[in-house]
J.: 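Once you've had a glance at the structure underneath, I'll fire off some questions.
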Amino acid sequence: MRFSKLFAPTLKEDPAEAEIISHKLLVRAGMLRKVASGIYSYLPLGFKVLNKVINIVREEMDKAGAEELLMSALQPAEIWQKSGRWAEYGPEMMRLKDRGNRDFCLGPTHEELITTIVMNEMLSYRQLPVTLYQIQVKFRDEIRPRFGLMRGREFIMKDAYSFDLNEKTLQESYKKMHGAYSRILERCGLEYRAVEAESGLIGGDVSQEFMVLADNGEEAIVYCDKCSYAANREAAKTAKTEGESDDFKLLEEVNTPERKTISEVSEFLRISPKNIVKTLIYQTEYGIKIVLVRGDREVNQEKLNRVIETDKVTLLSNEEFGRYSDLIPGYSGPVGLNNYEIIGDNEILSMRNFVVGANKKNTHFVNVNIERDFKVDKWGDFVFINEGDKCPSCGGILKITRGIEIGHIFQLGDKYSKALNATFLDENGERRFYTIGCYGIGVSRLVQATIEQNHDDKGIIWPIPLAPFKVIVIVLNTKDEEQNTIGENIYNGLLNKDVEVIIDDREESAGKKFADADLIGVPYQIIIGKRTKAGSKVELKTRKDNQKTEIPIEDAVEKVCLLLRAD
RNA sequence: CGGGGCGUGGCUCAGUUUGGUAGAGCACUUGGUUUGGGACCAAGGGGUCGGAGGUUCAAAUCCUCUCGCCCCGACCA
């Protein structure tokens, strides 16, 4: 490829639309352009990289025994109505009608469709397990598209689905996908973690996320410094707390004028927030719920939803407080509140002689104890983990870092096969539900995550396997015939060796050529300038570490091929 | 949907407070000089000031409505 012919409009200035570095660089390097909010077009360079990722994904999926197919992006409403998700998915689903007024959607995912395809063939147990995948455009009308390809409304995803005889063989299929995902991320040169996750809307029991570590990541990940425990902060469990053995002290009412928040009460009474129990009043479809967590904790709504078994939980607003004379904002507590269900976080089980609101203005109780002073109707784990907490699996200390969710793998079980009545015939000729797993990789997101992890102040630093070109031959002065000849010779030499190479033959200033080569992140640069004469040396620069070496012109092709083979 | 902000040549932005008929840098075109880190000189093209309506002698600027985009919160690959 010749740079003079390449459609790669590079930008000197950061685009106003972009917030994070990877998004800025994708646009500046002439790889990506916005079409509408959360919708993008890939320019030739960006498309090249996208295809590199796609090929890696494809190779590893095939190696793991999965078979590629391509389903339609447009899906009829019926299959979604059967699974119940037509209603459940909400406004995030891009819906449309055909001319006959029939409902369709642009697929946000393909569980329903793949299950329908497989069930229609009435497989025998002898044909199982089978894992099918596709690389497809997905549509989700995100509430807030963000960060370019990180959260688009149209994005490219590799989604795979395994159909198994039972839980046991599902675990094997799952393990294979886990392995394939690990290899994909390794080949892309990424630092990542596989973490325990929440299953969310898709459902199922076991699920893990593959997180690419990045400071700008949207997810917080918790990991143990001693053992292999790692989890999404949304899903991270609290460690079991040991019961403290203090004797119960006498319950006392204390005056706490205008001290409403945990920090105010903590300061005023000179006690740690860990010895206060925070009382939160939630409005749910089943009425008011009193939720208790340790004073230093934040409630994890997702987890709480699971405990209450609803997704319609909101904190009671100030106006709503007025309707309940026994609920006093800032001074609420479980003692004496017998009209509502009280739900306690597991952590407070071990607390002794703690502080709670007294349901009376400007008053708190001290030396409160569970059972003696109030009863908890239901226990659960629904707080966020903090850095420094104990590891739930080994007792080590937990750390928090940020990550970009690139892959998510689920053991779904029979949720969809039951909903859609998808069965196979077992050895006795009886119908049984498939045990299903599903596995996603955000392919377009992966492209951007790679940049987030591989860049410097000059631009992108592509890992070799993803680089749109492996080598750029830079002829600094194209009006110098000698430079041109040397450059063209090396360029043709590399082409003959099937190296993906581009020659910068533009009539631009030297500085612009250097800047563009660095910006688009080509791993190796061969620089031909006025120092380069026939029979002399060219400069070879590696983008990653800015190493510059002089090599004889006639060795250049061979040397680069050697380097590429080593990588 | 709630809160905040922005829409002015292809891009990044100034001009809006205090109405007077649109500007800079980058990019682009032509010519010339340059070519080891985003060159210089000269000439040039390009803007319904997001859209609609209103106020006014006069609107990018004031008012009303509307559309789009960005940021902060709940959803997720």
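Each chain gets a letter, A, B and so on, in the order the sequences are listed, and its residues count up from 1.
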J.: Tell which nucleotide pairs with B:G25, taking only Watson-Crick or G-U wobble pairs whose two distances are both under 3.5 angstrom.
T.: B:C11
J.: Among A:Thr478, A:Asp518, A:Asn477, A:Ile472, find the residue that satisfies the side chain to side chain contact (heavy atoms under 4.5 Å, CB included) test when tested with A:Lys513.
T.: A:Thr478
J.: Name the pairing partner of B:U55, where a pair is Watson-Crick or G-U wobble with both distances under 3.5 Å, or state none.
T.: none
J.: Ignoring the backbone of A:Arg140, work out which of B:G37, B:U34, B:C76 is nearest its side chain.
T.: B:C76
J.: Once you apply a heavy-atom cut-off of 4.0 Å, does A:Glu218 come out as touching a base, just sugar-phosphate, or nothing?
T.: nothing
J.: What contact category does A:Asp480 fall into here, base, sugar-phosphate, or nothing, at under 4.0 angstrom with non-hydrogen atoms?
T.: nothing
J.: Which part of the nucleic acid does A:Lys34 contact within heavy-atom distance under 4.0 Å: base, sugar-phosphate only, or nothing?
T.: sugar-phosphate
J.: With a 3.5 Å distance limit and no angle check, can you tell me whether A:Arg445 reaches the backbone of A:Met150 through a side-chain donor-acceptor pair?
T.: yes
J.: Can you tell me the pairing partner of B:C1 across any strand shown, Watson-Crick or G-U wobble, with both distances under 3.5 angstrom?
T.: B:G73
J.: For B:G68, give the paired nucleotide (Watson-Crick: N1-N3 plus N6-O4 or O6-N4; G-U: N1-O2 and O6-N3; both under 3.5 Å), or none.
T.: B:C6
J.: Remember a base hit wins even if backbone is also touched, and classify A:Ile143 as base, sugar-phosphate or nothing at under 4.0 Å, heavy atoms.
T.: base
J.: Are the aromatic rings of A:His178 and A:Phe210 close, with centres under 6.0 Å apart?
T.: yes
J.: Looking only at the side chain of A:Glu13 (C-beta and beyond, no hydrogens), which of the listed nucleotides B:C75, B:C76, B:U12 gets closest?
T.: B:U12
J.: Considering Watson-Crick and G-U wobble pairs with both distances under 3.5 Å, what does B:A39 pair with?
T.: B:U33
J.: Indicate, with yes or no, if the rings of A:Tyr40 and A:His23 have centres closer together than 6.0 Å.
T.: yes
J.: Considering only NZ, NE, NH1 and NH2 on the basic side and carboxylate oxygens on the acidic side, decide whether A:Glu219 and A:Arg233 come within less than 4.0 Å.
T.: no
J.: Enumerate the protein-to-nucleotides 40-47 of chain B contacts in which both atoms are nitrogen or oxygen and the separation is below 3.5 Å.
T.:
none

J.: Once you apply a heavy-atom cut-off of 4.0 Å, does A:Glu219 come out as touching a base, just sugar-phosphate, or nothing?
T.: base
J.: Any carboxylate oxygen within less than 4.0 angstrom of a Lys/Arg side-chain nitrogen, looking at A:Arg2 and A:Asp504?
T.: no
J.: Both distances below 3.5 Å, Watson-Crick or wobble geometry, any strand: find the nucleotide opposite B:A60.
T.: none
J.: Are B:A77 and A:Phe155 stacked, with the base six-membered ring and the side-chain ring centres under 5.5 Å apart and planes under 30°?
T.: yes
